[in-house]
Amino acid sequence: QVRFVESGGGLVQPGGSLRLSCAVSGNLFGLTAMAWYRQTPGNERELVAQLGTDGSTNYADSVKGRFTISLNNAKNAVTLQMNSLNPKDTAVYYCNSIPGHAWGQGTQVTVSS
């Protein structure tokens, strides 16, 4: 069964950094594209970053140059390094495969002074 467990969120000041991790269980790690999404109350989930099986990456314009998606093969995890955070990055962050499976619980990121 495919399962995603996100961690690493928290409260950070504007300009700060966080590193999110998504533990992936199930027989798909490394076999399919992976992505990070985020959602704020009342809004739909939006794609933040995606990583193809060929190593190609794609980022939302709002995070380009600040966020980096990568694989941690040793831990069967997908990471999202987030730098230069600003209050607009506040959201619950989720990971999923492409095509997707059931969503995990997400991890809350709050950027505030």
Side-chain angles (χ1 to χ4, degrees):
Q1 182 180 358
V2 176
R3 188 170 174 235
F4 307 107
V5 180
E6 300 90 348
S7 62
L11 174 63
V12 63
Q13 291 187 341
S17 297
L18 281 175
R19 187 177 181 84
L20 305 184
S21 183
C22 172
V24 181
S25 59
N27 195 25
L28 59 70
F29 187 80
L31 301 178
T32 185
M34 296 296 301
W36 281 94
Y37 301 79
R38 66 187 180 187
Q39 188 174 27
T40 54
N43 294 304
E44 294 187 358
R45 244 176 224 119
E46 63 167 340
L47 178 67
V48 173
Q50 68 181 71
L51 176 63
T53 54
D54 61 353
S56 61
T57 57
N58 187 41
Y59 297 93
D61 288 344
S62 58
V63 307
K64 278 181 183 176
R66 301 188 297 121
F67 290 12
T68 303
I69 185 172
S70 61
L71 292 181
N72 184 333
N73 291 308
K75 296 185 177 180
N76 271 26
V78 185
T79 63
L80 185 68
Q81 177 67 41
M82 307 188 296
N83 300 325
S84 301
L85 286 162
N86 63 65
K88 291 182 179 179
D89 297 316
T90 296
V92 180
Y93 284 72
Y94 303 85
C95 74
N96 210 322
S97 55
I98 299 174
H101 290 79
W103 295 97
Q105 85 288 351
T107 186
Q108 173 71 48
V109 171
T110 302
V111 185
S112 175
S113 54

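In what follows, residues are counted from 1 in the order of the sequence shown. Every value quoted in this text rests on a predicted model; they were computed, and no experiment measured them.
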Is it the case that the side chain of Asn86 and the backbone of Pro14 share a donor-acceptor pair, with hydrogens and angles ignored and the cut-off at 3.5 Å?
no
Looking at Val92 and Gly106, what are the two nearest heavy atoms and their distance?
CG1-CA, 3.9 Å
Grouping I, L, V, M, F, W and Y whenever their side-chain heavy atoms are under 4.5 Å apart, do Leu18 and Val63 come out in a common cluster?
yes
Cluster link Tyr59 to Met82, ILVMFWY, side chain under 4.5 Å:
yes
In this structure, would Leu20 and Val12 fall into the same cluster of hydrophobic residues linked by side-chain contacts under 4.5 Å?
yes
Just how far is it from atom CH2 of Trp36 to atom CZ of Phe4, taken to the nearest 0.5 Å?
10.5 Å
Quick one: side chains of residues 48-58, donor-acceptor pairs under 3.5 Å with protein atoms, not counting sequence neighbours, listed by atom name and distance.
unit_1	atom_1	unit_2	atom_2	d
Asp54	OD1	Ser56	N	2.9
Asp54	OD1	Ser56	OG	2.6

For the CD atom of Gln108 and the OG1 atom of Thr90, what is their distance to the nearest 0.5 Å?
7.0 Å
Could you tell me whether the side chain of Gln105 and the main chain of Glu6 form a donor-acceptor pair under 3.5 Å?
yes
Which pair of non-hydrogen atoms, one from Ala35 and one from Ile98, has the smallest distance, and what is that distance?
CB-CD1, 3.8 Å
Using 0.5 Å steps for rounding, measure from the CG atom of Asn83 to the CZ atom of Arg19.
9.5 Å
Would you give the length of the straight line joining atom CD of Gln81 to atom OG of Ser21, rounded to the nearest 0.5 angstrom?
11.5 Å
Which distance, rounded to the nearest 0.5 Å, do you find between the CG of Leu31 and the CE of Met34?
11.0 Å
Any side-chain heavy atom of Asn76 sitting closer than 4.5 Å to one from Ser25?
no
Looking at every heavy atom in both Ala91 and Thr40, which two are closest together, and how far apart are they?
CB-CG2, 3.7 Å
Considering all heavy atoms of both residues, which atom of Ser97 and which atom of Thr32 are nearest to each other, and what is their separation?
CB-CG2, 3.7 Å
Under 3.5 Å donor-acceptor pairs involving side-chain atoms of residues 64-71, not counting sequence neighbours:
unit_1	atom_1	unit_2	atom_2	d
Lys64	NZ	Asp61	OD1	3.1
Arg66	NH1	Ser84	O	2.9
Arg66	NH1	Asp89	OD2	2.8
Arg66	NH2	Ser62	O	2.8
Arg66	NH2	Asp89	OD1	3.0
Arg66	NH2	Asp89	OD2	3.4
Ser70	OG	Thr79	OG1	2.6

Looking at CG of Leu80 and OH of Tyr37, how far apart are the two atoms once the value is rounded to the nearest 0.5 Å?
12.5 Å
